[in-house]
Amino acid sequence: MSGSTLLKLLIGVAEATSIDDAWTLATGHFATLGFSRVNYGFTRFRHLRTIGDPDDALFLTTCDADYAKRYFRGGFYARTPVFRWAEHNSGACTWKWVKDAYEAGRLTAEEAESVRQNVAMGVNAGITVSFPEASARAKGAMGLLADPGLDHDAVERIWAAHQDEILALAHVMHLRIVQLPHLARARALSPRQREALEWVADGKTTQDVALLMGVSPAMVEKHLRLAREALAVETTAQAVAKGALLNMIFQRPTQPQAQAAG
């Protein structure tokens, strides 16, 4: 890809108005490099050794539905050596080290079994990008799964030729995605629930919000209660904080987001 073409692609991703648009642009280019299957995950609620509630995390994939269900919802990803590498590192690596570690017997029994299961599903070689995060509670990573017929040596050659291109696109995609609303069905807010939370975030009382929204105080309380339930929190203050972290309040309207993995 020429420099000017790459710049246009990066600008397109940076200006995307929905997660779906940014994802489609980036993964479309990764496919031209031999990675038509891409997994991406991001959470702002990492705690100790877990990613937090899976419903609060964003999972995206171009893999088929069966693999996505097993990989994300089944928790298979957490048993893979590349995920464990991404948990503790920022940067990028090809999966050749996994092959070498597997053959040398340096993987745990669980990791070795995950390698065998991946190979059985046609997932052999690839690249992992683990994004640096400013918050200790946040973590994002992406896996590029090599197309069938591409082995570790082929991926090494692709990586050597396109490393900067892959990293630039991956980072711009990630930075854009984390700025956009995470419209998960499990955490959906109605327009009135969002409006009520926004007024509370501005320091308004229930009586103030009722006047501003043209409804009764009881209706405001109902909107706030439903918002708390949707966000799985106990207090309105927590709902405001979580809604802000998920980019669900104070956002300009965007196009509907396509269904994510899981």
Side-chain angles (χ1 to χ4, degrees), residues 1-14 16 19-42 59-64 67-68 70-72 76-77 80-104 106-107 111-112 114-132 139-177 261:
M1 171 179 277
S2 68
S4 61
T5 303
L6 176 59
L7 286 175
K8 289 179 181 177
L9 174 60
L10 294 175
I11 291 170
V13 174
I19 289 176
D20 206 37
D21 287 347
W23 175 248
T24 299
L25 285 170
T27 56
H29 183 64
F30 292 139
T32 69
L33 299 176
F35 306 98
S36 57
R37 297 172 296 175
V38 184
N39 291 326
Y40 171 87
F42 175 70
F59 296 119
L60 301 172
T61 186
T62 61
C63 296
D64 63 65
Y67 181 84
R70 179 178 184 180
Y71 187 78
F72 292 114
F76 178 73
Y77 68 89
T80 64
V82 290
F83 172 81
R84 293 177 177 176
W85 176 86
E87 275 190 300
H88 303 290
N89 296 275
S90 295
C93 67
T94 65
W95 296 357
K96 188 175 186 301
W97 74 268
V98 177
K99 173 180 178 292
D100 294 340
Y102 177 81
E103 293 176 349
R106 295 195 299 269
L107 300 180
E111 290 172 338
S114 75
V115 171
R116 289 189 288 269
Q117 290 184 34
N118 256 336
V119 171
M121 292 184 287
V123 178
N124 182 18
I127 299 167
T128 291
V129 179
S130 181
F131 301 104
K139 189 60 194 176
M142 179 184 72
L144 300 173
L145 286 59
D147 289 344
L150 296 178
D151 59 13
H152 290 284
D153 290 338
V155 170
E156 292 294 323
R157 291 191 294 270
I158 295 169
W159 183 238
H162 299 281
Q163 176 177 343
D164 290 345
E165 179 181 332
I166 291 171
L167 287 176
L169 181 55
H171 282 289
V172 171
M173 179 201 77
H174 172 64
L175 291 172
R176 187 56 182 150
I177 283 176

Return the minimal non-hydrogen interatomic distance between Asn89 and Lys139, and the atom names on each side. O-NZ, 3.3 Å

Check: Asp147 side chain, Ser36 main-chain N or O, donor-acceptor pair, under 3.5 Å: yes

Specify the closest pair of heavy atoms between Val98 and Pro81, including all atoms of both residues, with the distance to one decimal. CG1-CG, 3.7 Å

Run the side chain to side chain contact (heavy atoms under 4.5 Å, CB included) check on Asn39 and Cys63 step by step: do they pass? CA-CA 8 Å; Asn39 291 326; Cys63 296; 3.7 Å; yes

With rounding to the nearest 0.5 Å, note down the distance linking CG in Leu169 to CG in Leu33. 8.5 Å

Pick out which of Ile177, Asp20, Thr27 makes a side-chain contact (heavy atoms from CB on, under 4.5 Å) with Leu60. Ile177

Could you check if a side-chain atom of Trp159 sits within less than 4.5 angstrom of a side-chain atom of Ile127, using non-hydrogen atoms only? yes

Nearest heavy-atom approach of Met142 to Ala170 is CE-CB, 3.6 Å

Please examine the side chains of Tyr67 and Asn118, heavy atoms only from C-beta on, and report whether any two atoms are closer than 4.5 Å. yes

Can you give me the closest heavy-atom contact between Phe131 and Ser90, atom names plus distance? O-OG, 3.9 Å

Here the salt bridge (charged side-chain N to carboxylate O under 4.0 Å, His left out) pairs for residues 115-129, sequence neighbours left out, are Glu113-Arg116

Please evaluate residues Asp100 and Arg106 with respect to the criterion side chain to side chain contact (heavy atoms under 4.5 Å, CB included), reporting the C-alpha separation (whole Å), side-chain torsions for both, the decisive distance (0.1 Å), and the verdict. CA-CA 9 Å; Asp100 294 340; Arg106 295 195 299 269; 4.3 Å; yes

Minimum heavy-atom distance between Val13 and Arg176, given as atom pair plus value: O-CG, 3.2 Å

Sequence neighbours excluded and cut-off under 3.5 Å, please list the side-chain donor-acceptor pairs for residues 149-157, or say none.
from   : atom 1 : to     : atom 2 : distance (Å)
Asp151 : OD1    : Asp153 : N      : 3.2
Asp151 : OD1    : Ala154 : N      : 2.9
His152 : NE2    : Asn124 : OD1    : 3.4
Glu156 : OE2    : Thr94  : OG1    : 2.4

Without swapping roles, check the side chain of Ser130 against the backbone of Gly91 for a donor-acceptor pair under 3.5 Å. no

Mind jotting down which residue pairs meet the ring pair (Phe, Tyr, Trp, His ring centres under 6.0 Å) criterion with at least one end in residues 20-41? Sequence neighbours excluded, please. Tyr40-His174

Rounded to the nearest 0.5 Å, what separates atom NE2 in His171 from atom CD1 in Ile166? 11.5 Å

Euclidean distance, Met121 CE relative to Leu145 CG, rounded to 0.5 Å: 9.5 Å

Side chain of Thr80, backbone of Tyr77: donor and acceptor closer than 3.5 Å? yes

Worked verdict on Ile158 versus Gln163 for side chain to side chain contact (heavy atoms under 4.5 Å, CB included): CA-CA 8 Å; Ile158 295 169; Gln163 176 177 343; over 6 Å; no

As a quick check of understanding, evaluate side chain to side chain contact (heavy atoms under 4.5 Å, CB included) for Val115 and Trp95, giving each step before the final call. CA-CA 11 Å; Val115 171; Trp95 296 357; over 6 Å; no

Are Thr128 and Trp85 close enough, and set up right, to give a side-chain hydrogen bond (donor to acceptor under 3.5 Å, both in side chains), and what steps lead you there? CA-CA 9 Å; Thr128 291; Trp85 176 86; over 6 Å; no

May I ask you to test the Met173-Leu25 pair for a side-chain heavy-atom distance under 4.5 Å? no

Please find the pair of heavy atoms, one from Ala112 and one from Leu107, that lie closest to each other, and give the distance. N-CB, 4.1 Å

